[in-house]
Amino acid sequence: MAVNMNTASQWNPLQLQAIWRELEDQVHPFSRVLSIRGEAFRQLDAAAKLFIARRFMEHVQESVLYVIDGNGIDRVYLGAPKHLVDGGGTILRPPGSNLYWIRPAVHKITTATLIAPPVPAKHVKIPRPPNAYILYRKERHHHVKISNPGITNNEISQLLGKAWNLESREVRQKYKDMSEKVKQALLEKHPDYQYRPRRPSERRRRRRNTQSQDQQDNTDANNATTSPGDASASAATPSDSTDAV
DNA sequence: CCGAATGAAAG
DNA sequence: CTTTCATTCGG
């Protein structure tokens, strides 16, 4: 496993064909992942792996990856990562190591310990980066709570919200910079991160009314969410009773 | 889950 | 413009 990627394989073309024919038995219209015995895989050099991968790619028409089985079976899989995590599996990459695929946990997980580093899986939810005020509040939360026995979190928010607005631009800028750094660190760790808020529909109904909402109509003080725009959504207001999770 | 603050991001 | 959600944690 050295540097030669583009050099010729130690296997001649005829041998490569033979290796491929054996694996090709697994190929059918619905197979998206190839299974290769660990022992056989270790016989392959870089060029041979590339040869096989390209052949398989002709069938699946997508980028593929070699992934070592992390469930205790001496086996390697070739395919797009998404097919390995579809059923809830996880692909882990211990630092400086190969990729391991962890099965959801069907019957027996014998060698789960093989993969110690808690590298986040593909689809774990990444929390959004905190904004300047959130960092400010987080930093002072404990102190405020200690200083004001019995204070509630909501009151802490009110207190620190006031304090925040009274802070100098320098102080606020300091936290703004911090939030920016936190965000950059997150993007570095998760280059594909994207804030994806759920649609209002798939979450709860009524949200609190903010500034200048005014009392347009006091028939139902509980019903907010009146769009100021037009009459398109006036009558509807679907679901209102049960939202929850 | 909600709320209470602020602000980033998305629609 | 609107809403979600990042922080906190008792209700």
Side-chain angles (χ1 to χ4, degrees), chain A residues 81-82 85-86 88 90-93 95 104 117-245:
Chain A
K82 62 180 179 181
V85 300
D86 259 356
T90 300
I91 294 178
L92 304 176
R93 186 179 59 79
V119 177
K122 182 74 186 202
H123 56 291
V124 303
K125 201 201 175 193
I126 301 165
R128 38 171 348 184
N131 63 36
Y133 168 73
I134 292 296
L135 290 176
Y136 177 85
R137 187 199 187 286
K138 182 178 186 173
E139 211 172 80
R140 288 168 161 67
H141 168 263
H142 182 69
H143 175 83
V144 171
K145 190 171 189 170
I146 296 298
S147 307
N148 306 66
I151 193 172
T152 68
N153 288 301
N154 289 6
E155 288 166 340
I156 293 175
S157 292
Q158 294 182 316
L159 191 75
L160 290 177
K162 294 278 204 305
W164 170 255
N165 290 315
L166 289 176
E167 291 288 359
S168 62
R169 286 184 308 290
E170 290 74 24
V171 172
R172 286 204 297 264
Q173 184 59 44
K174 191 184 86 175
Y175 286 88
K176 181 86 180 296
D177 293 342
M178 284 174 63
S179 71
E180 202 60 36
K181 292 182 72 173
V182 170
K183 186 177 70 180
Q184 291 308 319
L186 182 145
L187 289 175
E188 195 174 332
K189 188 170 174 60
H190 304 285
D192 296 328
Y193 169 78
Q194 229 194 129
Y195 175 51
R196 290 193 187 89
R198 287 170 292 185
R199 290 284 185 290
S201 46
E202 56 181 325
R203 195 96 239 292
R204 67 116 117 39
R205 226 51 277 210
R206 76 177 281 310
R207 175 96 266 184
R208 94 299 185 197
N209 48 1
T210 338
Q211 12 103 19
S212 69
Q213 226 279 340
D214 305 327
Q215 63 286 67
Q216 42 185 242
D217 191 76
N218 268 12
T219 335
D220 189 359
N222 216 1
N223 192 340
T225 329
T226 19
S227 56
D230 52 294
S232 58
S234 53
T237 315
S239 92
D240 183 73
S241 46
T242 47
D243 30 283
V245 186

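Quick note on labels: first sequence line is chain A, next is B, and so on, each numbered from 1. None of these values were measured; they are calculated from a predicted model.
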Length of the [atom1]-[atom2] vector between [X] and [N], whole Å:
X        : N     : atom1 : atom2 : result
A/Ile146 : C/dC9 : CD1   : P     : 11 Å
A/Ile156 : B/dC2 : CD1   : C1'   : 16 Å
A/Leu186 : C/dC5 : CG    : C1'   : 14 Å
A/Arg140 : B/dT6 : CZ    : C1'   : 14 Å
A/Lys174 : B/dT6 : NZ    : P     : 19 Å
A/Leu187 : B/dA8 : CG    : P     : 15 Å
A/Ile151 : C/dC9 : CD1   : P     : 13 Å
A/Arg137 : C/dT8 : CZ    : P     : 8 Å

At 4.0 Å (heavy atoms only), tell me whether A/Pro127 reaches a base, stays on the sugar-phosphate, or touches nothing.
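Sugar-phosphate contact only - A/Pro127 comes under 4.0 Å of backbone atoms but never of a base.
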Working to the nearest 0.5 angstrom, can you tell me the gap between A/Leu160 CG and A/Leu166 CG?
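The CG atom of A/Leu166 is 11.5 Å from CG of A/Leu160, to the nearest 0.5 Å.
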To the nearest 0.5 Å, what is the distance between CG on A/Leu159 and CG on A/Asn153?
12.0 Å
Distances under 3.5 Å between nitrogen or oxygen atoms of protein and nucleotides 9-11 of chain B:
residue: B/dA9; atom: OP1; partner: A/Lys183; partner atom: NZ; Å: 2.7

Taking side chain to side chain contact (heavy atoms under 4.5 Å, CB included) as the definition, give me every residue that meets it alongside A/Asn148, ordered by chain and number, with sequence neighbours left out.
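Only A/Val144, A/Ile151 meet the side chain to side chain contact (heavy atoms under 4.5 Å, CB included) criterion with A/Asn148.
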Minimum-distance nucleotide to [X] side chain [options: [options]]:
X        : options              : value
A/Lys176 : B/dA8, C/dT8, B/dT6  : B/dA8
A/Lys138 : C/dT7, C/dC5, B/dT6  : C/dT7
A/Gln158 : C/dT7, B/dA5, C/dG10 : B/dA5

Compute whether any side-chain donor of one residue and acceptor of the other, for A/Tyr175 and A/Glu167, lie under 3.5 angstrom apart.
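Judged by distance alone, the side chains do not pair up.
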Decide yes or no on side chain to side chain contact (heavy atoms under 4.5 Å, CB included) for A/Lys125 and A/Arg196, but give the supporting numbers first.
CA-CA 10 Å; A/Lys125 201 201 175 193; A/Arg196 290 193 187 89; over 6 Å; no
Quick one: on DNA chain B, does A/Ala132 or A/Glu155 contact a more 5' nucleotide (nearest heavy atom)?
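Upstream on the strand: A/Glu155.
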Test A/Ser179 against A/Tyr136 for side chain to side chain contact (heavy atoms under 4.5 Å, CB included), laying out the working first.
CA-CA 10 Å; A/Ser179 71; A/Tyr136 177 85; over 6 Å; no
Quick check on B/dT6: is either OP1 or OP2 less than 4.0 Å from any side-chain nitrogen or oxygen of A/Asn165?
yes
Enumerate the residue pairs fulfilling salt bridge (charged side-chain N to carboxylate O under 4.0 Å, His left out) with a member in residues 169-179 of chain A, sequence neighbours excluded, ordered by first and then second residue.
none
